[in-house]
Structure formats: structure tokens, C-alpha cells
Amino acid sequence: MKRRGGIQIMGKLIGLIRPLLHVMAVAVLLGVAGYLCAIFLTVMAGAGILNVMGLWKFGSLTAIFVCLVAAAVLRGILHYGEQACNHYIAFKLLALIRHQVFAVLRKLCPAKLDGKDKGNLISIITSDIELLEVFYAHTISPIVIAVLTSLIMEIFFFKYHILIGAFALLGYLAIGVLVPVWNSKRGSDKGMEFRTKFGDLNSFVLDSLRGLDETIQYGCGEKREKQMSKKSCELDEKQKYMKKLEGTQRGVTNVLILIFSFGMLFLSTWLYQMGQMDFQGVLLCTILMMSSFGPVVALSSLSNNLMQTLASGERVLALLEEEPRIEEVENQPEAQFDSITCENLDFAYEEEQILKNYSISISKGSRIGIHGKSGSGKSTLLKLLMRFYDVDGGKIQIGDREIKTVNTRELRNMESYVTQETCLFHDSIANNIAVAKLGASREEVEEAAKKASLHDFIMSLPQGYDTPVGELGDTLSGGEKQRIGLARAFLHDAPLLLLDEPTSNLDSLNESIILHSLKEKCGDKTVILVSHRESTMAATQKVYQMDNGRIS
């Protein structure tokens, strides 16, 4: 996908501000007034010095001092108000963007997220979104403030002389426009490279933490350390280059400020000698020129952070605009669970054909086993029944309704899906089971655990159901995780139970206990159990053999 330009990214990000335009307007007004106070401070200070020297009578020293104090206090209040408004906008919009990102991730999951780099996703939803705070709090209003403040100063300069106004305009454009554009062109690609490298390093660290046991077991620690050091050095080089650009930009900006400040002095002095300006005009124009670069310097400095900020904005916008592979269905007539019919299904992951002309009928209330070796398409069939993916050809029906016409929320309520790898959250055992039913009581959780033959094990733990499972459930064995997955399925209490290798991590004794639970406690539920184990098929009424995406 072709990358957007910086202006396009800024336009998209600014479009999110519409509900808060009134707050932004207040921030801009406060910012302009604050900079005018700062400029007025310098002018009054210069007037006071000239007054003492007897070169320019501009009221009494007492009056000048009072004006200085009032302007200084007002400048502080106005600047605080501007920053308060900007940060209010930033934090409101960051909350909105986070909400939108998580809504998009929910729609993209799982089909579009299966191949996503998880470390990069974490980088987008954390550091990239956080970096947008710079854009909303320190970029938009400074641009408008710089333009408005410079226009006000230009009105004053042009009143003195057209050459004075033109020279000041050239200075403002050089520092506030040309320098940022020049710096952004040099560093825009580097900003994207830095954010991408940062995401890659996140992924590597995440993988390294998850694979610590294997790293230690196979003596790969030194190799991983070298790889991490290499990635860190690459990231550091990118950052050094960007810091170099930042230093160059600041140096060029400071040189230009000196050139235009002294240039104004020489120009106004020449006009004085030509009899086209008075002495007070020379002094006032020179002081104003020297003191009025604040807004455009702030604008020039934006390009330093803007490279990374726009790169982060592009990554966030690309995620927000990504289209889901499976569109959710809603506002359709209510559907009732019934028998399942799969007719001539074709499905492929990219170029890899998984199912080919596959058909199966499953009557309501039956317990069906699908047996076959790994990679034969068993798990894929369950994902298609969950409508995590849509078939490439053929159709799936529940009763007389095609699955694509069933409201997504209703479909999820019809099905309980136990995967091969049960994902556990960093929470208690009780809360991990209760994920399957919002507002589930402790009694319901315990009943589900009993059906999964998990209750006795939980009660043997020091904190019982309140025992934390650790991050990713690392305090529990694979079999214990699987049984929590089964307990969730029992708690969800859906009419269709989809079990993907539910006993793969269990020993023979625990497998027989689980299979007994499936026989005795599933009642009139429809059960589809897939496994490569022949022993697991003992809990089913009928077994289908799957081989290379076909039933035999």
C-alpha cells in the first residue's frame, strides 16, 4: 500500500478534532494573546532602557514597570490556559482513538490478525498512539498561533514601511515554513523506519520473554543476546540520525534568527538615513523583529518530533482503515439453532488449499467425532463454523439459514468453542472461567468447573478459585489450562459445543474423566469433537475420518 504524504496524514488526524473545535479555538486565541504579551514584554523592557538613557521618552519608569509585571503575569496565565486546552483535546482524542483501534481489532480478529506481528500491534496501540499526543497538544494550535501572530506583526511592520513588512515576512516564511519543510523531507522516511524498527524490537523482546525456557534449555542465550544487541544498535543508529537532523535544524534556525534580526536593524537604519523612518521606528521595528520569532521557532521545532509523530499517525490510520476479512452481521431475523449442513466446502489459506469439495451433515443433539492427522483441515472446519473465516466455495447452513445471514452475536451465543491452546488472562481462576458468561455467579463458575473435572484441583490450591493464574497462565500445566477452557464452554451453555483437541494435553486418566463428562453432562447439546487421538473418539456417537480436507 502506497504511503500517504505528511499533509494527508495531518489532514486525517485533524479531521478527528471536529467535536472539539470550540476548545481548539480557545487554545488558539489564548496562544496568540500569550505570544503578543511576550513580544510586548520585550518592547517595554527596551523602552525602559532607552528611557533611562534618555533616548526615548515612553511614559514614566513606574508605568513601564507596572506594564511589565502585568504582561509577565498575563503571559503565564494565557500560556497555562492554552496548554490546558491543548492537553484536554489531546487526551480526549487519544481516548477516542484507542476506542476506535480496539473496535477495529475486534472486527479484524481473528482472520486478519492471525498473520499480524503482535509486537508491532502492541507498539501501535501503546507508543504510537501516545506519540499522537505531541500532534494534538503541541502541533495543531502552534501552527495556527504562528500564522495569526505573524499576520498581526506584519500589519504593524507594513504600516511602518513596505520593505520592513516584506523583510519580516521573508524571515517568518524562512523559519516557519522553509526550514520545517526542508527538515521533514530529509527525515520523513527515517521517522517511519524508526517506528517500524521500534515495533520489530518489541516483537523480538516479546518472543524472547515467551521463549525463555527453550532459550535456556538449548543454550541459545548468547545468540539471542547478540540478536537483541544488533536490533538495539540498529534502532540507536536511526535515533542518532534523527537527533543529528534535529541539531542541524536548530542550528539553521538560530542562524536565520540572527540574520533576520540584524538584517532588520540594518534595513531600518538605512531607511532612517534615507529619511523614510524616524529613530523610534528603527528601535521599535528592530526590537519587535528580534522578539517576534517565538511562534515561528515553535513551528520550526515541530519538524523534529513531527517525523516520528506522522509515522505513528500513518501506522495508526492504516490500522483504523484496514477492512475486516469477515463482516459482522446484524439486524437480521432471529435464528434458532438446528442441524448443521456443510455442502461442497472449499477453503484455502492464501495458496494452501485446506478443504476441497467437503460436505458433512450434523443433526441436532448428536455427538460427532472428526478424526484425522494434523493439517487435514479439522480445526479449519471449526473456525468456519464459528465464522472466523468465510468459505471460498460451497455453503454452511444452520437449519434452513445460511451461516452468513445469521446475526454474528446470535451465532456466537449458539456456539462454545474450545481451542487447542486455551488463552488465560492475568487474573484469578474464577475470573478466567467467568469470561464465558458476563455476570456469572460463583456458584455457576464452580458448577462449570465440576463438569470439567477441575473443581477438586482448584480447591486444593491455597486461594481456591481466587488463585491467580499468572501471565499467560504460566503457573498452570497444559492440561489444567485445557480444563479451564472446557469449564468456560460448560459455563457458556451454548447448544453447539465445538471441541478442538480438548484432551491433547491430558494424560489417560484425566482424558477418560473429561470424556465421561462430555457423555454424561452435555445433555441434548450438539457436540463436534475433532482430534488426532483415536481414544478421544470414544465420547462420540459417530466418527468421520478426515484426510486432506475430505471426509471418508
Side-chain angles (χ1 to χ4, degrees), residues 31-59 61 64-65 67-68 71-72 75 142-143 145-184 186 245-304:
V32 171
Y35 271 115
L36 291 177
C37 282
I39 295 168
F40 180 74
L41 271 171
T42 310
V43 172
M44 292 303 295
I49 294 171
L50 294 175
N51 197 325
V52 172
M53 295 173 65
L55 298 176
W56 188 15
K57 291 298 180 182
F58 191 77
L61 286 176
I64 292 174
F65 179 77
C67 289
L68 280 171
R75 163 61 175 159
I143 292 174
I145 289 168
V147 171
L148 293 179
T149 305
S150 299
L151 284 175
I152 293 171
M153 298 309 300
E154 280 300 313
I155 292 171
F156 177 84
F157 285 130
F158 272 113
K159 279 188 175 182
Y160 262 93
H161 199 281
I162 189 171
L163 290 179
I164 295 290
F167 186 77
L169 180 61
L170 182 62
Y172 295 148
L173 290 175
I175 295 172
V177 179
L178 296 181
V179 171
V181 170
W182 166 71
N183 201 42
S184 294
R186 293 192 304 155
L245 294 180
E246 182 179 337
T248 305
Q249 176 269 327
R250 286 180 177 173
V252 170
T253 299
N254 289 334
V255 169
L256 288 175
I257 289 174
L258 289 174
I259 289 173
F260 282 100
S261 295
F262 284 106
M264 179 61 78
L265 174 62
F266 297 144
L267 177 60
S268 58
T269 300
W270 178 73
L271 290 172
Y272 172 72
Q273 291 174 343
M274 298 292 292
Q276 297 183 31
M277 284 186 69
D278 57 18
F279 180 68
Q280 286 85 356
V282 173
L283 293 175
L284 191 58
C285 287
T286 303
I287 292 172
L288 282 174
M289 190 67 192
M290 290 180 174
S291 61
S292 63
F293 282 116
V296 289
V297 168
L299 197 59
S300 176
S301 300
L302 290 177
S303 60
N304 297 326

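With contacts defined as side-chain heavy-atom distances shorter than 4.5 Å, the pair Tyr160/Leu271 does not qualify. Within the 4.5 Å cutoff, the side chain of Cys285 has no heavy atoms near those of the His161 side chain. Counting only heavy atoms from C-beta outward, the side chains of Thr253 and Phe293 never approach each other to under 4.5 Å. Residues Gln276 and Leu163 have side chains not in contact (no heavy-atom distance under 4.5 Å, counting atoms from C-beta outward). Counting only heavy atoms from C-beta outward, the side chains of Phe262 and Leu258 approach each other to under 4.5 Å.
Residues passing the side chain to side chain donor-acceptor pair (under 3.5 Å) test with Tyr35: none are found, sequence neighbours excluded. Residues meeting the side chain to side chain donor-acceptor pair (under 3.5 Å) test with Ser292, sequence neighbours left out: Tyr172.
Between the CD1 atom in Ile259 and the CG atom in Asn254 there is a gap of 11.0 Å [rounded to 0.5 Å]. Summarising the geometry, atom OG1 belonging to Thr286 is positioned 7.5 Å from atom CD1 belonging to Ile164; distances are rounded to the nearest 0.5 Å. Distance check: Phe279 CZ to Thr269 OG1 gives 9.0 Å after rounding to the nearest 0.5 Å. The structure places CE of Met264 at 4.5 Å from CZ of Phe157, a figure rounded to the nearest 0.5 Å. From Cys37, atom SG reaches atom CG of Leu41 across 7.0 Å, with rounding to the nearest 0.5 Å. Note: Ser150 OG to Ile155 CD1 = 11.0 Å, rounded to the nearest 0.5 Å.
Shown here is Tyr272, whose OH atom has no more than 12 heavy atoms of other residues, nucleotides or ligands within 6.0 Å.
Residues Ala71 and Phe40 approach most closely at CB-CD2, 3.8 Å, considering heavy atoms. Here the shortest heavy-atom pairing between Leu169 and Glu154 reads N-OE2, 2.9 Å. Phe158 approaches Gly165 most closely through the heavy-atom pair CZ-C, 3.6 Å. For Arg75 against Ala38, the heavy-atom pair with the smallest separation is NE-CB, 3.9 Å. Closest approach of Met277 and Val282 over heavy atoms only: CE-N, 3.7 Å.
For the pair Thr149 (side chain) and Ala146 (backbone), a donor-acceptor distance under 3.5 Å is absent.
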